[in-house]
Amino acid sequence: MTKKLIIALLMLLPMQFAMAQKSMLKNFPEGYTPEEVGRRMAYRFVTENHALHIGKWIGYPETFYWNGAIRYATLSKDKSLMNLLQRRFEHLFNEESKLLPIMNHVDVNMFGSLPLWLYNVTGDNRYKELGLPYADTQWEVPADATDEQKAWANDGYSWQTRLWIDDMYMIPVVQTQAYHATGDMKYLDRTAREMVKYLDELQRPNGLFYHAPDVPYYWGRGNGWMAAGMTEILKCLPKDHKDRPRIMKGYLTMMESLKKYQNKEGLWNQLIDEPDWWTETSGSAMFTYAFINGVKNGWLDAKEYGPAARKAWLALVDYLTEKNQVREICVGTNKKNDKQYYYDRPRRTGDYHAQGPYLWCVAALMEK
């Protein structure tokens, strides 16, 4: 063997090793494949009851459960499931139209991501016409806006800005889908700028986020919204976009910290930095989603994060019951400057806060 050939082979080794690490996100044992888990959970969704939120038909946890089911149906090319999902949605164009969410709050405007996702899959303009106003009205200041809301808008941010970490999934999920539906860069530009503002204001030096500036605890699901939101933006933001470096820095700093706090199971606790607390699955699923996308898109070192992402996925599936419901899900949680309050939060099985993010992980694993 010549010296030149040996050098060439040695140069290939890092690439082959990286490919081997990425392959850790494939070839799962029976019962753990994304196809199997996705089918179990997506078909369950078709039979679930609607989750009312603020007196309306679809709250954000159900919206994201919907989005996950659609993503699975699309990737698996399951036309029967897609037909079931579309038939279920059809009621919103007819007898249930009065139950459509209003467009006055960040937690309900995110509903627009659902019809926009359906438009991007089917090309049916009815979905686009229904969903686009939810994206547009996040930047269209209403007549009854407060002075604070007007000030945010005058600075170029959404009038719905609150500097709550939840917002950084609620805003990006609808704005990125609006971009995919229209090709208009304004949707990406403004949501990227919004994310930079939240990162500059709220991210701690260790990359994590307090539940609120006056609540110094690293709550799992709250941090999950940030991890997933940065992931959604990075997936579609052009490589030369001016805000991409800042968002990538925030993402990488957070991922490094999350890897440090991954528990023995491979998941994360109700308060991320409390090693003796209980494992919480909704935030864990969102972190796993961010890990999977990071490895598959080359943002994260596959050698370091590939095994961590695989371990997390396998552990998540173990929290799925025979009825296809996720266990150990923290209920909806408002901020409170009381550490024990977070430990004592009730835990549910089958709550949509985790059912949806599990399906996001399914889609991330199935995507090429």
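Computation of the quantities below employed the complete heavy-atom set of this structure, encompassing side-chain atoms and omitting hydrogens, waters and symmetry-equivalent molecules.
- Contact check for Ser113 versus Asn67: side-chain heavy atoms found under the 4.5 Å cut-off.
- A donor-acceptor pair shorter than 3.5 Å can be found between the side chains of Gln340 and Asp344.
- In this structure, the separation between CD on Glu322 and CD on Gln325 is 11.5 Å, given to the nearest 0.5 Å.
- Residues Trp139 and Trp164 do not share a hydrophobic cluster, clusters being chains of Ile/Leu/Val/Met/Phe/Trp/Tyr side chains in contact below 4.5 Å.
- Between Tyr127 and Phe89, a ring centre-to-centre spacing shorter than 6.0 Å is recorded.
- Under the rule for a side-chain contact (heavy atoms from CB on, under 4.5 Å), the partners of Arg39 that lie at least two apart in sequence or sit in another chain are Tyr43, Tyr72, Asp78.
- The shortest distance between side-chain heavy atoms of Glu36 and Tyr32 does not fall below 4.5 Å.
- To the nearest 0.5 Å, atom OH of residue Tyr119 and atom CG of residue Leu130 are 13.5 Å apart.
- Looking at Asp318 and Glu265, their side chains never come closer than 4.5 Å, going by heavy atoms from C-beta outward.
- Shown are Gln270, Arg347, Arg348; of these, the side-chain hydrogen bond (donor to acceptor under 3.5 Å, both in side chains) with Glu328 is made only by Arg347.
- For the 3.5 Å distance criterion, the side chains of Gln138 and Tyr187 fail to qualify, holding no donor opposite an acceptor.
- Within the 3.5 Å criterion, the main-chain N or O of Tyr134 finds a donor-acceptor partner in the side chain of Asn109.
- Judged by distance alone, the side chain of Glu35 and the main-chain N or O of Ser76 form no donor-acceptor pair under 3.5 Å.
- Side chain of Thr191 to main chain of Leu188: no donor-acceptor pair is present (N/O by atom type, distance under 3.5 Å, no hydrogens or angles).
- When hydrophobic clusters are built by joining Ile, Leu, Val, Met, Phe, Trp and Tyr residues whose side-chain heavy atoms come closer than 4.5 Å, directly or via intermediates, Tyr65 is not grouped with Val331.
- Side chain of Ser282 to backbone of Arg221: no donor-acceptor contact under 3.5 angstrom is found.
- Of the inter-residue distances, the one linking Leu25 atom CG with Lys296 atom NZ reads 7.0 Å to the nearest 0.5 angstrom.
- Put simply, the side chain of Gln203 never gets that close to the backbone of Tyr198: no donor and acceptor are under 3.5 Å apart.
- Side-chain atoms of Trp159 never come within 3.5 Å of backbone atoms of Trp152 as a donor-acceptor pair (strictly under, hydrogens ignored).
- Using a 4.5 Å heavy-atom threshold, the side chains of Asp200 and Val196 count as touching.
- One distance of note links CZ of Arg327 with OH of Tyr319; it measures 6.0 Å at 0.5 Å rounding.
- Met255 and Trp313 fall within the same hydrophobic cluster, defined by Ile, Leu, Val, Met, Phe, Trp and Tyr side-chain heavy atoms under 4.5 Å apart, directly or through other members.
- For the residue pair Thr279/Asn263, the side-chain donor-acceptor check at 3.5 Å is satisfied.
- Note that CG of Asp243 and CD of Glu194 are 11.0 Å apart. Values are rounded to the nearest 0.5 Å.
- A 6.0 Å sphere centred on NZ of Lys249 holds no more than 12 heavy atoms belonging to other residues, nucleotides or ligands.
- Side-chain contact between Tyr179 and Arg190 is absent, with no heavy-atom pair separated by less than 4.5 Å.
- The backbone N or O of Arg44 lies less than 3.5 Å from a partner atom in the side chain of Thr47, making a donor-acceptor pair.
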Between Met254 and Tyr251, is the side-chain contact (heavy atoms from CB on, under 4.5 Å) condition met? List the steps. CA-CA 5 Å; Met254 186 182 201; Tyr251 167 85; 5.9 Å; no
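- Counting heavy atoms from C-beta outward, Tyr157 and Leu163 have side chains that stay 4.5 Å or more apart.
- Looking only at distances, a side-chain donor or acceptor of Asp301 sits under 3.5 Å from a matching main-chain atom of Lys303.
- For Tyr343 and Trp277, the ring centers are positioned less than 6.0 Å apart.
- Side-chain contact check for Asp167 and Gln160: no donor-acceptor pair (N or O, by modelled atom type) lies under 3.5 Å.
- Atom CG of Leu75 sits about 12.0 Å away from atom CD1 of Ile70, to the nearest 0.5 Å.
- The closest donor-acceptor contact from the side chain of Asn269 to the backbone of Glu274 lies under 3.5 Å.
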Under 3.5 Å, side-chain donor or acceptor atoms of residues 357-368 against the rest of the protein: list the pairs with distances, not counting sequence neighbours.
| unit_1 | atom_1 | unit_2 | atom_2 | d |
| --- | --- | --- | --- | --- |
| Tyr358 | OH | Leu316 | O | 2.6 |
| Trp360 | NE1 | Phe64 | O | 3.4 |

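- Residues Leu271 and Leu202 are members of separate hydrophobic clusters, defined by side-chain heavy-atom contacts under 4.5 angstrom among Ile, Leu, Val, Met, Phe, Trp and Tyr.
- For an aromatic pair to be called close, the ring centres must be under 6.0 Å apart, and Tyr210 with Tyr218 satisfies this.
- Residues Trp278 and Ile329 do not share a hydrophobic cluster, clusters being chains of Ile/Leu/Val/Met/Phe/Trp/Tyr side chains in contact below 4.5 Å.
- A donor-acceptor distance shorter than 3.5 angstrom exists from the side chain of Lys311 to the backbone of Lys264, with no hydrogens or angles considered.
- The number of heavy atoms from other shown groups lying within 6.0 Å of NZ (Lys235) is above 12.
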Side-chain atoms of residues 284-293: list all donor-acceptor pairs with protein atoms under 3.5 Å, sequence neighbours left out, distances to 0.1 Å.
| unit_1 | atom_1 | unit_2 | atom_2 | d |
| --- | --- | --- | --- | --- |
| Ser284 | OG | Trp268 | N | 3.0 |
| Ser284 | OG | Trp268 | O | 3.2 |
| Ser284 | OG | Glu280 | O | 2.6 |
| Thr288 | OG1 | Ser284 | O | 2.7 |
| Tyr289 | OH | Arg71 | NH2 | 2.8 |
| Tyr289 | OH | Glu232 | OE2 | 2.6 |
| Asn293 | ND2 | Tyr289 | O | 3.0 |

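- You'll find the side chain of His353 reaches within 4.5 Å of the side chain of Tyr60, heavy atoms only.
- Side-chain contact between Asn337 and Tyr217 is present, with heavy atoms from C-beta onward closer than 4.5 Å.
- Using a cut-off of 4.0 Å between Lys/Arg side-chain N and Asp/Glu carboxylate O, Arg126 and Glu90 are scored as salt-bridged.
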